[in-house]
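Structure first, commentary second.
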Amino acid sequence: MSKGHECYHCKQVIPKGTPHNCWTTTERALTEALPEPLFDAWARLRETAAAFGEQRIYASHRSIMFSRKACYFFVKPTPKRLEVCVFLGRAIKNPMVKRAQASSRLKTGNFIHLTHPDEVEAPFTEWLREAYDKSDELTLKGKISKAVGPRRKVRKPAAKKKKKKH
């Protein structure tokens with residue numbers, strides 16, 4: 001007789017018949033064990049973003065998401081840093097950005113590591129504000145382009161090769 005199963009995500013053994021949702025978490029659960037400088041950086045980051053205006057801030061798995069109609073940035077707290085991904089319509093060229101990766105045809109995820117509260121200032125806060133301001137526009141453009149259909153490259157017909165006479 002089976003005593004339960006191992007959750008694919010969290011690797012915990014879940015007793016048979018017990019409800020389990022390891023994806024459900026809270027901001028507090030993700031940030032309470034952070035060292036003081038990181039917690040201070042988190043508090044400053046959250047306060048800065050919340051001041052931009054109406055949005056939804058929620059925890060999802062191991063990250064804290066900031067979204068309007070779609071997520072415009074998220075934070076993954078780790079014991080050594082806050083890993084922040086800011087979605088813009090471009091890649092940011094700055095030493096603070098560890099990498100930039102296309103997340104859709106219109107959005108690029110710019111990954112930044114924060115280790116101290118003093119890093120939550122310009123230009124970082126300007127990128128957050130830009131992401132907040134452009135979020136709905138980039139999301140709407142993406143929906144419109146999907147409704148119209150995917151962009152297709154127009155191929156030119158291959159040039160016919162002339163046969164050589166022998």
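Side-chain atoms are counted along with the backbone in the values below, which use heavy atoms only and exclude waters and symmetry mates.
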Any side-chain heavy atom of Met65 within less than 4.5 Å of one from Ser63?
-> yes
Please list, chain by chain and in numerical order, all residues satisfying side chain to side chain contact (heavy atoms under 4.5 Å, CB included) with Ala91, sequence neighbours excluded.
-> Ala100, Thr108, Asn110
Determine the minimum heavy-atom distance between Leu106 and Leu138, stating which atoms define it.
-> CD1-O, 3.5 Å
Is there a path from Leu128 to Ile57 through hydrophobic residues (I, L, V, M, F, W, Y) whose side chains come within less than 4.5 Å of each other?
-> yes
Across all chains, not counting sequence neighbours, the side chain to side chain contact (heavy atoms under 4.5 Å, CB included) partners of Ala102 are none
Closest contact, heavy atoms only, Val13 versus Pro15 | O-CD, 3.6 Å
For Glu130, the salt bridge (Lys or Arg N to Asp or Glu O under 4.0 Å) test, sequence neighbours excluded, returns Arg90
For Cys85, enumerate each residue passing the side chain to side chain contact (heavy atoms under 4.5 Å, CB included) test, keeping only those at least two apart in sequence or located in another chain.
-> Phe74, Phe87, Phe111
Any chance you could measure Lys69, atom NZ, to Ser135, atom OG, to the nearest 0.5 Å?
-> 9.0 Å
Not counting sequence neighbours, which residues clear salt bridge (Lys or Arg N to Asp or Glu O under 4.0 Å) with Glu121? List them please.
-> none
Among all residues two or more places apart in sequence or in another chain, which pass the side chain to side chain donor-acceptor pair (under 3.5 Å) test with Asp133?
-> Arg129
Residues forming a salt bridge (Lys or Arg N to Asp or Glu O under 4.0 Å) with Arg99, sequence neighbours excluded | none
Met96 backbone acceptor or donor facing Glu119 side chain under 3.5 Å | no
Please indicate whether Glu36 has more than 12 foreign heavy atoms, meaning atoms of other residues, nucleotides or ligands, lying under 6.0 Å from its CD.
-> no
Identify, with sequence neighbours excluded, every residue that meets ring pair (Phe, Tyr, Trp, His ring centres under 6.0 Å) alongside Tyr132.
-> Phe52, Tyr72
Inter- and intrachain pairs under salt bridge (charged side-chain N to carboxylate O under 4.0 Å, His left out), touching residues 73-89, at least two apart = Arg81-Glu83
Does some side-chain heavy atom of Leu82 sit less than 4.5 Å from a side-chain heavy atom of Leu34?
-> yes
Going by heavy atoms in the side chains, are Phe124 and Leu114 under 4.5 Å from each other?
-> yes
Among residues two or more places apart or on two chains, list those pairs meeting side chain to side chain donor-acceptor pair (under 3.5 Å) that have a residue in residues 40-53.
-> Glu27-Arg46
Do you know which two heavy atoms are closest between Pro79 and Leu38, and how far apart they sit?
-> O-CD1, 3.4 Å
Any link between Phe73 and Val97 through a network of hydrophobic side chains (Ile, Leu, Val, Met, Phe, Trp, Tyr) touching at under 4.5 Å?
-> yes
Single-linkage hydrophobic cluster Trp127~Phe66, side-chain heavy atoms < 4.5 angstrom | yes
Among the clusters formed by ILVMFWY side chains lying less than 4.5 Å apart, do Val120 and Phe39 turn up in the same one?
-> yes
Would you please name every residue forming a side chain to side chain contact (heavy atoms under 4.5 Å, CB included) with Leu30, sequence neighbours left out?
-> Thr25, Ala59, Ile64, Pro77
